Amino acid sequence: QVQLVESGGGLVQAGGSLRLSCAASGRTFSSYAMGWFRQAPGKEREFVAGIRRSGGNRYYADSVKGRFTISRDDAKNTVTLQMNSLKPEDTAVYYCNAGYYSGGYFPYDAWGQGTQVTVSS
């Protein structure tokens with residue numbers, strides 16, 4: 001089982017940027033596809049971005065395409081989410097996830113504790 005710890009959230013004005021990081025423990029990090037999800041108050045958790053093993057194909061929710069970039073460093077067991085041109089509707093708790101890809105990104109039940117991102121208008 002992989003353990004995940006997110007960092008990098010905070011408060012930013014609309015149009016600003018934030019970089020989220022997720023540190024993973026365990027020797028099998030490179031065997032997982034990795035993803036970021038978010039959950040806003042009163043809403044269900046939603047997929048934001050995913051990256052296949054070995055830094056292969058990357059996938060994004062339509063709402064973040066062109067603004068967010070997911071990347072991974074298997075040597076450091078980390079996955080990052082660079083968020084640019086942030087909007088108030090990006091406000092949510094962001095979660096790192098380990099999963100797999102099979103025609104789309106599917107999460108395992110392996111989540112970090114979450115990091116709050118707040119975008120002010």
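In this chain, numbering begins with 1 at the start of the sequence shown. Here the structure is a predicted model, which means the values were calculated and not measured.
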Report whether Val48 and Val12 are members of the same hydrophobic cluster (ILVMFWY, side-chain heavy atoms less than 4.5 Å apart, transitive linking).
yes

Please tell me whether Phe106 and Tyr101 form a close aromatic pair, meaning their ring centres lie under 6.0 Å apart.
no

Would you say Leu11 ends up clustered with Val93 if hydrophobic residues are merged whenever their side chains have heavy atoms under 4.5 Å apart, either directly or through other cluster members?
no

Common cluster, Val2/Ile51, ILVMFWY with side-chain heavy-atom separation under 4.5 Å:
yes

Side-chain H-bond candidate by donor/acceptor type, Glu6 with Thr115, under 3.5 Å:
no

Are Thr78 and Ser21 packed together at the side-chain level, in the sense that at least one heavy-atom pair is separated by less than 4.5 angstrom?
no

Could you measure the distance from the CZ atom of Arg72 to the OG atom of Ser30? Nearest 0.5 Å is fine.
7.0 Å

What's the spacing between Gln39 CD and Gln116 CD if we round to 0.5 Å?
11.0 Å

Stepwise side chain to side chain contact (heavy atoms under 4.5 Å, CB included) test for Asn97 and Tyr32:
CA-CA 9 Å; Asn97 173 262; Tyr32 293 101; over 6 Å; no

Please find out if less than 6.0 Å separates the ring center of Phe37 from that of Phe47.
yes

For the atom pair CZ (Arg19) and CG (Leu81), what is the distance rounded to the nearest 0.5 Å?
9.0 Å

Hydrogens and angles aside, do Thr80 and Ser71 bring a side-chain donor and acceptor to less than 3.5 Å of each other?
yes

Quick check: Tyr105 with Tyr59 (ring centres under 6.0 Å apart)?
no

Calculate, to the nearest 0.5 Å, the distance between atoms OG and CZ belonging to Ser54 and Arg52 respectively.
10.0 Å

Should the heavy atoms of other residues, nucleotides or ligands under 6.0 Å from CZ of Arg53 be counted, would the total exceed 12?
no

Closest non-hydrogen contact found for Tyr60 with Ile70 is OH-N, 3.0 Å

Of all heavy-atom pairs linking Asn77 and Asp74, the shortest is OD1-O, 3.2 Å

Nearest 0.5 angstrom please: Ser120 OG to Gln13 CD, how far?
5.0 Å

Which heavy-atom pair separates Ala92 from Ala40 by the least distance, and what is that distance?
CB-N, 3.8 Å

Closest heavy-atom pair, Gly9 versus Leu20, reported as atoms and distance to 0.1 Å, is N-CD2, 3.6 Å

In terms of relative ring orientation, are Tyr95 and Trp111 parallel, tilted or perpendicular, with 30° and 60° separating the classes?
perpendicular

Minimum heavy-atom distance Thr28-Ser31, with the two atoms named:
O-OG, 2.6 Å

Compute whether any side-chain donor of one residue and acceptor of the other, for Asn84 and Ser17, lie under 3.5 angstrom apart.
yes

Do the charged groups of Asp90 and Arg38 touch, with an N to O distance under 4.0 Å?
yes

Below 4.5 Å, heavy atoms only, C-beta onward: do Asp73 and Phe29 meet side chain to side chain?
no

Give a yes or no on this: more than 12 heavy atoms of other residues, nucleotides or ligands lie within 6.0 Å of atom CG of Asp109.
no

Decide side-chain hydrogen bond (donor to acceptor under 3.5 Å, both in side chains) for Gln82 and Thr69; before the verdict, give the C-alpha distance in whole Å, the side-chain angles of both, and the deciding distance to 0.1 Å.
CA-CA 5 Å; Gln82 178 66 43; Thr69 302; over 6 Å; no

Using every non-hydrogen atom in the two residues, find where Val119 and Thr91 come nearest and quote the distance to one decimal.
N-OG1, 2.9 Å

